[in-house]
Amino acid sequence: MSSLTGMRPGAAGTADVTACRADFPALAQDINGYPLVYLDSAASSQVPMAVIDEIARYQSHDHANVHRGVHTLSHRATEVYENARTALQRFINASRREEIVFTRGTTESINLVAQSFCRPKLRQGDRILITHLEHHSNIVPWQMVCEQTGAELVVAPIDDRGDVSPDSVVALMDERVRLLAVAHVSNALGTVLPVRELAAAAHARDITVLVDGAQAVPHMPVDVQALGADFYAFSGHKMFGPTGTGVLYGREELLDAMPPYQGGGDMILEVRFDGTTYNELPYKFEAGTPNISGAAGLAAAVAYLEAIGMNLIAEHERQLLDYLTNKLAEVEGIRLLGMAPVKASVQSFLLDDIHPHDLGTILDHQGVAIRTGHHCAMPVMDRFGIPGTARASLGLYNNRADVDALTAALEKAREIFG
Ligand code: PMP
């Protein structure tokens, strides 16, 4: 069993990442003869031993189905699963554990809100307001529900730095808007949106607010009540937990009034052929056997993050992102995309006229893992008139040596492409 090493403040009050890096076994390998430099945490983060161990422990000792069993293992599994819910509640400061719905991830959380909250409510002429920098997961579910109801999707602009001005969003909040759905942090550009301010403006106009927190939760403290989010969606696999896990936070009053999203076992109190009564929150939204080992792993990821401290992580990454951006800016032929004043963990770029996929492949030959393409944010690429970008994204385990390896690999790519 590995121990949780965690970061400790260094001399300058900054995080000592070297200690925490050792907790991630996948980082200690060579790729194509080079030590792995993992700069793709925005797509999926690596998993610490504490999470791997907890999943193995659960599967080896406690596994059974939850909620319905009278035997010991079923009780244990239920306890593991429900304790995970409580851990998530604490982590994002939800006021009640019933407000935490386990899902497969951000995508499912947003689709749940689209189909269960919006679809029964929306009428012809109603509007859903988003911004131009959203991930496809925070666009397509709204397009689908608009098609189903005759509502309209309205898009607030971004500027040349990839920033969202609150005024331009608020200007679109007219009496037809029923829902504002915004990213907390853009996965393609790294922009941190002024969610608190936008939520306050929306609430003043009776507009419900959904926040896509996929890229925020692993990088900064998130307090859903302080933000004023009515719904907050995020994924386990981007916060050092397992794939196939995620959360929809929803204010109890809203969740309570919503019909179920899927039907099946566990989400009912009583089933008769002449009518079925639904279970209470949050089970009404958790039809079927849930991802129990995933929830165990996600709770271990939360414990891991809490032991390090989200403020420490945010400060470490803020400094490292500055370093990354400055080092990239020194590379000849580079074009940086996404230069908003408040950013987190992501830098997109282009190098000369090298296609991002070719660049990504050359970097991989040198052990450097970055993401290339449209990052599931095609409208952002259209906005900048490009097919895609190369994107380096940071996790708590990255350090300056990773950034130096990236820029060295980019210099080599320039030589290769001449
Ligand atoms: N929103 C944002 C901002 C994202 O970065 C992602 C993942 N790239 C998603 C939503 C979708 O997350 P998932 O695929 O885990 O459902």
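Counting starts at 1 for both ligands and their atoms, following the listed order.
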### Message
Please determine whether a side-chain nitrogen of the Lys or Arg among R90 and E306 lies less than 4.0 Å from a carboxylate oxygen of the Asp or Glu.
### Response
yes
### Message
Could you tell me if the side chain of H135 sits less than 4.5 Å from the side chain of V140, heavy atoms only?
### Response
no
### Task
May I ask whether H375 has any heavy atom positioned less than 4.0 angstrom from an atom of ligand 1?
no
### Region of K238 that comes within reach of ligand 1 [heavy atoms, distance under 4.0 Å]
side chain
#### Entry: atom 4 (C) of ligand 1 - nearest protein heavy atom and its distance
H135 CD2, 3.3 Å
### Query
In the protein, which heavy atom is nearest to atom 11 (C) of ligand 1, and how far is it?
S137 OG, 3.4 Å
### Query
In ligand 1, which numbered atoms sit nearer than 4.0 Å to a non-hydrogen atom of S235?
12 (O), 13 (P), 15 (O), 16 (O)
## Note on the structure
A student comparing V185, T107, T103 should find that the heavy atom closest to atom 13 (P) of ligand 1 comes from T107
### Message
Ring centroids only, cut at 6.0 angstrom: are Y397 and F24 within range, meaning strictly under it?
### Response
yes
### Query
Quick one: are the ring centres of F240 and Y304 less than 6.0 Å apart?
no
### Query
Quick one: does ligand 1 sit under 4.0 Å from the side chain of A183, the backbone, both or neither, non-hydrogen atoms only?
neither
### Message
Once side-chain contact (heavy atoms from CB on, under 4.5 Å) is applied, do any residues pair with V346, and if so which ones, sequence neighbours excluded?
### Response
A42, R391, S393
### Message
Show me which atoms of ligand 1 lie under 4.0 Å from any heavy atom of Q215.
### Response
3 (C), 4 (C), 5 (O)
### Message
Side chain, backbone, both or neither: which applies to H237 and ligand 1 if a contact is any heavy-atom pair less than 4.0 Å apart?
### Response
side chain
### Query
Quick one: are the ring centres of H365 and Y34 less than 6.0 Å apart?
no
### Task
Indicate whether the side chain of E152 and that of Q124 have a donor and an acceptor atom separated by less than 3.5 Å.
no
### Message
In this structure, does ligand 1 have an atom that sits under 4.0 Å from one of the heavy atoms of D212?
### Response
yes
